[in-house]
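All of these numbers come straight from a predicted model, not from anything done at the bench. Position 1 is the first residue of the sequence; numbering continues from there.
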Amino acid sequence: MALSLTELKDRAIRFAQEWQGETDERAGAQSFWIDFFHVFDVKRRRVASFEVPIKKADGRQGFVDLLWKGTLLVEHKSKGKDLDKAVQQARDYFPGLKDHELPKYILVSDFARFRLYDLDEGTDYSFPLEELHQNLHLFSFLTGYQKREYKAEDPANIKAAELMGELHDALLRGGYQGHKLEVLLVRILFCLFAEDTAIFEKDAFRIFLEEHTREDGSDVGAQLAQWFSVLDKAADQRQRHLPAHLQVLPYVNGSLFTEFFEFPAFDAALREQLIRCTYFDWSRISPAIFGSLFQSVTDPVKRRNLGAHYTSETNILKVIQGLFLDELRQELAQAGQNRQKLDQLHRRLEKTRFLDPSCGCGNFLVVTYRELRLLEQEILERQFAAQVATGQTVDLALYARVQVDQAYGIEVEEFPARIAEVAMWLMDHQLNLRLSEAFGNLYLRLPLTRTARIVHGNALTTDWETVAPKGELSYILGNPPFIGYHLQTREQKAEMATLFAGVKGAGLLDYVSAWFYKAAQYMQDTRIRTALVSTNSIVQGEQVGILWNELFTRYQTKIHFAHRTFKWNNEARGNAQVYCVIVGFGPEDTPKHIIHDYDTPRAEPMQRQVSRINSYLIEADNVLISGRTKPLCQVPEMVNGNKPVDGGFFFLSDQEKEELLEKEPHAQPYVKPFLGAQEFLRSQNRWCLWLNDIAPSVLKSLPLVAERVNEVRAFRLASTKGDTVRMAQFPTLFGQTRQPQSNYLLIPRHSSENRRFVPFGFFSADVILGDSCMSIPNATPYLFGILSSTMHMAWMRQVCGRIKSDFRYSGTLVYNNYPFPVSHTPKQVAAVEAAAQLVLAAREQFPAESLATLYDPLTMPPVLVKAHQQLDQAVDQCYRAAAFPTELSRLEYLFGEYRRLTEPVLGEATVVPKTKRTTKAQVQPT
């Protein structure tokens with residue numbers, strides 16, 4: 001059992017008194033350091049050595065005064081000597097050490113003074129011998145009895161995961177695999193952590209491997225089996241004649257070491273690989289994110305296939321702060337020093353139960369548990385401040401009530417489920433050490449008698465109440481798998497079909513929506529609240545009307561808080577990045593509703609209290625926008641492009657066009673410029689055969705063209721689709737023909753997420769439009785201006801669907817539902833037209849540049865930026881005089897207009913003014 005803080009201070013004071021006045025390094029340096037280690041109850045001979053021979057960089061032989069490999073290097077001088085030179089001398093030994101032997105600390109002394117260098121943190125501390133008892137916290141690394149602040153970006157987390165990944169790979173190469181490999185790695189992880197955090201004696205696992213296994217590795221497997229077996233037995237159940245290094249091991253329990261299986265065969269290299277892991281400081285790892293890093297390193301392919309995007313602590317906190325943490329912190333602030341209120345809050349924490357139904361390696365559970373424990377510690381520090389101040393001992397076992405078994409999880413893969421259990425224990429132990437430091441006496445929870453309930457199973461086919469009884473549960477949280485509907489496996493589609501049976505359009509829902517749906521079902525007739533992370537697809541486009549209609553109407557769901565779209569990232573390899581939202585919801589409403597909005601997806605959130613939150617995560621009534629066959633307002637209809645269904649035989653490159661016309665010049669009238677979204681945005685030339693009005697005799701006179709028509713017919717006849725086969729009766733025509741007969745405005749169906757504006761353009765009827773675009777025949781400059789404005793782009797980003805992360809513009813969903821301005825004046829219309837012409841003119845200044853380049857945020861020319869700014873001002877004035885400061889303010893206004901226009905009584909038709917049609921001067925050259 002580690003010493004209490006009071007005992008440590010007493011020992012340090014006695015040590016200083018005994019060695020005060022010593023001056024000669026040769027007289028007693030080794031005795032000095034033996035006594036120094038005794039202060040911290042560290043058995044020096046087990047961990048460190050005196051006079052260690054080391055070759056310096058210049059080839060000369062040197063001797064380190066004291067070396068604890070991987071932890072501490074000590075240089076000692078006579079009293080009054082230059083300690084700066086001692087530090088440099090210590091650093092001179094580094095080239096002669098292996099990487100894993102390099103120390104994390106340098107300590108120099110001349111009997112009267114100490115100087116400690118923390119090489120990881122880049123800090124140093126100096127103090128006289130008589131003040132050692134005041135600086136004991138600096139040496140907590142000697143025992144593992146220390147508090148750590150964990151940094152989300154700490155590279156130690158990734159380094160630790162890579163060490164385990166290398167060990168995993170080495171064992172796998174030796175033929176050791178599957179379940180037993182996964183269990184072995186989890187056990188080793190626990191032991192590595194235990195020897196650095198006072199569960200074991202300091203470096204006990206390393207010493208066991210170095211001193212009690214053969215160098216050739218032949219007995220490592222058998223020795224590990226015995227080590228694990230001892231950890232699984234209480235002291236009174238162990239063999240009487242165990243070696244001393246096994247007798248001192250604590251009883252761990254928790255079933256972590258219970259299962260017996262065949263252990264791997266080690267060789268010298270694999271043994272060295274394992275020993276190298278022990279030189280890392282495992283007390284630095286954050287259980288909140290290490291588990292997921294560990295899994296991603298050992299099996300990155302499985303991680304990608306499961307669609308998991310592991311979460312940074314920052315993003316986890318966004319979920320739990322809105323769900324309950326802010327509320328609890330406010331309650332703590334209001335309690336102040338009132339013991340009764342503090343005790344009421346403490347009992348609330350004790351009763352809090354939380355479930356992550358897609359827990360992975362337990363990141364959300366670990367961070368949630370940590371925050372509850374930190375709140376509990378703050379309560380205890382307030383309640384027992386007087387006792388701590390007077391040096392009284394507080395029995396923490398009586399008052400620390402928040403336990404790991406308040407956490408529940410469901411995980412489809414066994415390995416991460418087991419990692420989650422261990423991660424909860426590791427976090428629990430770290431928090432016990434933190435509590436120990438605050439109260440001055442060591443508090444451990446060994447043996448492990450409680451554990452988080454992590455069920456290995458499929459969350460969509462498991463009854464959640466068998467995991468966490470709803471009568472006891474407080475919160476549901478997590479980030480379910482991000483898998484688009486088009487990427488789901490056959491099994492996942494079957495799960496979705498079963499869960500959403502009878503829900504129209506459910507086949508278009510992303511996989512993540514199932515967790516929202518199942519949570520809403522589970523929460524019925526309870527006060528449970530849920531907060532889940534999702535891709536923003538469930539609050540945009542066609543999925544909104546399908547999912548949220550069910551949640552609102554069938555389960556009376558209320559949205560409590562939301563984080564609008566932000567860029568999701570993390571510390572793991574590959575750094576999965578997607579656009580996400582967080583939605584907090586439940587069956588009961590809350591007095592406060594909070595929206596966290598982001599200026600850009602990478603910006604910091606801005607919090608705003610609102611009266612209500614709808615399914616698009618804006619302050620507006622619950623309107624669900626679904627596809628509309630005709631425009632809501634009196635505007636020209638948007639028409640889909642032509643669909644060739646030709647196997648590519650109608651299309652020609654520049655070279656193919658030239659070759660064809662050289663041989664058959666009479667084909668010239670039937671070769672037309674073709675534009676799909678790719679050609680339009682990237683200024684790429686493409687040509688097609690447009691044979692709608694070709695006479696049979698003319699076709700016969702053009703054998704090369706006729707050959708292509710015959711290939712089209714053969715392609716269609718070979719299809720397994722009945723509609724395509726029937727198209728073979730008309731081999732000269734595109735499969736679906738919708739070519740405008742007049743000038744038209746082209747709208748690409750797909751556009752990059754990075755563009756602030758989706759580019760549109762005017763073309764003549766001679767330019768054939770592909771099915772990756774849509775058209776508005778006879779569009780006016782005013783209509784072009786409205787559609788090209790930030791106002792319309794805000795609506796489009798919110799309402800459109802997505803393909804991957806790119807915008808997918810829909811005529812039925814975006815355009816037909818768009819609330820065009822109602823109360824505009826002729827002057828305002830003219831201003832929009834003029835500004836629209838400025839946008840077109842600005843583009844024409846760069847004839848060699850593609851629209852993709854012109855609308856790239858990094859390369860967008862200032863003249864075009866300013867033209868769009870002027871257009872936005874003109875369009876905004878058509879809606880209202882007051883400015884729209886944010887995209888969210890635009891959406892709130894537009895949804896209000898949409899609601900008004902769709903009300904059966906209050907609705908008022910919007911008419912786009914008739915202005916002169918586009919002239920030839922406004923049509924882009926082909």
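- Contact annotation: the side chain of Leu171 approaches that of Leu185 to within less than 4.5 Å [non-hydrogen atoms, C-beta and beyond].
- Just one of Leu163, Asp281, Thr278 meets the side-chain contact (heavy atoms from CB on, under 4.5 Å) condition when paired with Leu192; it is Thr278.
- Annotation: cation-pi pair Arg353/Tyr475 absent, no NZ/CZ under 6.0 Å from the ring centroid and within 45° of its normal.
- Using a 4.5 Å cut-off on side-chain heavy atoms (C-beta onward), Val366 and Ile316 make no contact.
- Under 3.5 Å, the side chains of Asp203 and Trp68 contain a donor-acceptor pair of N or O atoms.
- The shortest heavy-atom contact between Ala400 and Arg445 is O-NH2, 3.2 Å.
- More than 12 heavy atoms of other residues, nucleotides or ligands sit less than 6.0 Å from atom CD of Glu350.
- A salt bridge is defined here as a Lys NZ or Arg NE, NH1 or NH2 lying under 4.0 Å from an Asp or Glu carboxylate O, and Glu210 with Arg206 meets this definition.
- Between Phe190 and Phe257, the ring-plane angle classifies as perpendicular under the 30° and 60° cut-offs.
- Side-chain atoms of Thr197 do not come within 3.5 Å of backbone N or O of Ser283 as any donor-acceptor pair.
- Under the side-chain contact (heavy atoms from CB on, under 4.5 Å) test applied with Ile454, the options Ile419, Leu365, Val422 reduce to a single match, Leu365.
- Using a 4.5 Å heavy-atom cutoff, the side chains of Ile199 and Pro250 are in contact.
- Side-chain contact between His212 and Pro243 is absent, with no heavy-atom pair separated by less than 4.5 Å.
- Checked against the 6.0 Å centroid criterion, the rings of Phe50 and Trp33 do not qualify as a close aromatic pair.
- No side-chain N or O of Thr393 forms a donor-acceptor pair with one of Asn441 less than 3.5 Å apart.
- Phe228 and Phe263 have tilted rings, their planes meeting at an angle from 30° to 60° on a 0 to 90° scale.
- Using the six-membered ring where Trp is involved, Phe36 and Phe139 have ring planes that are perpendicular, over 60° apart on the 30 and 60° scheme.
- Side-chain contact check for Glu376 and His346: at least one donor-acceptor pair (N or O, by modelled atom type) lies under 3.5 Å.
- Salt bridge annotation for Asp428-Arg373: present, with a cationic side-chain nitrogen under 4.0 angstrom from a carboxylate oxygen.
- Residues Gln383 and Leu380 are in side-chain contact: their nearest non-hydrogen atoms beyond the backbone lie under 4.5 Å apart.
- Looking only at atom types and distance, the side chain of Glu411 has no donor-acceptor partner in the side chain of His456 under 3.5 Å away.
- In this model, no donor atom of one side chain and acceptor atom of the other lie less than 3.5 Å apart for Glu201 and His245.
- In summary, the side chains of Tyr408 and Asp356 do not present any donor paired with an acceptor at a separation below 3.5 Å, with no hydrogens or angles considered.
- Between Arg284 and Asp196 no salt bridge is recorded (no basic side-chain N to carboxylate O distance below 4.0 Å).
- Checked against a 6.0 Å centroid threshold, the rings of Trp19 and Phe32 count as neighbours.
- Atom CG of Asp395 sits in a crowded spot, with more than 12 heavy atoms from other residues, nucleotides or ligands closer than 6.0 Å.
- Under the 4.5 Å side-chain criterion, counting only non-hydrogen atoms from C-beta, His168 is not in contact with Met164.
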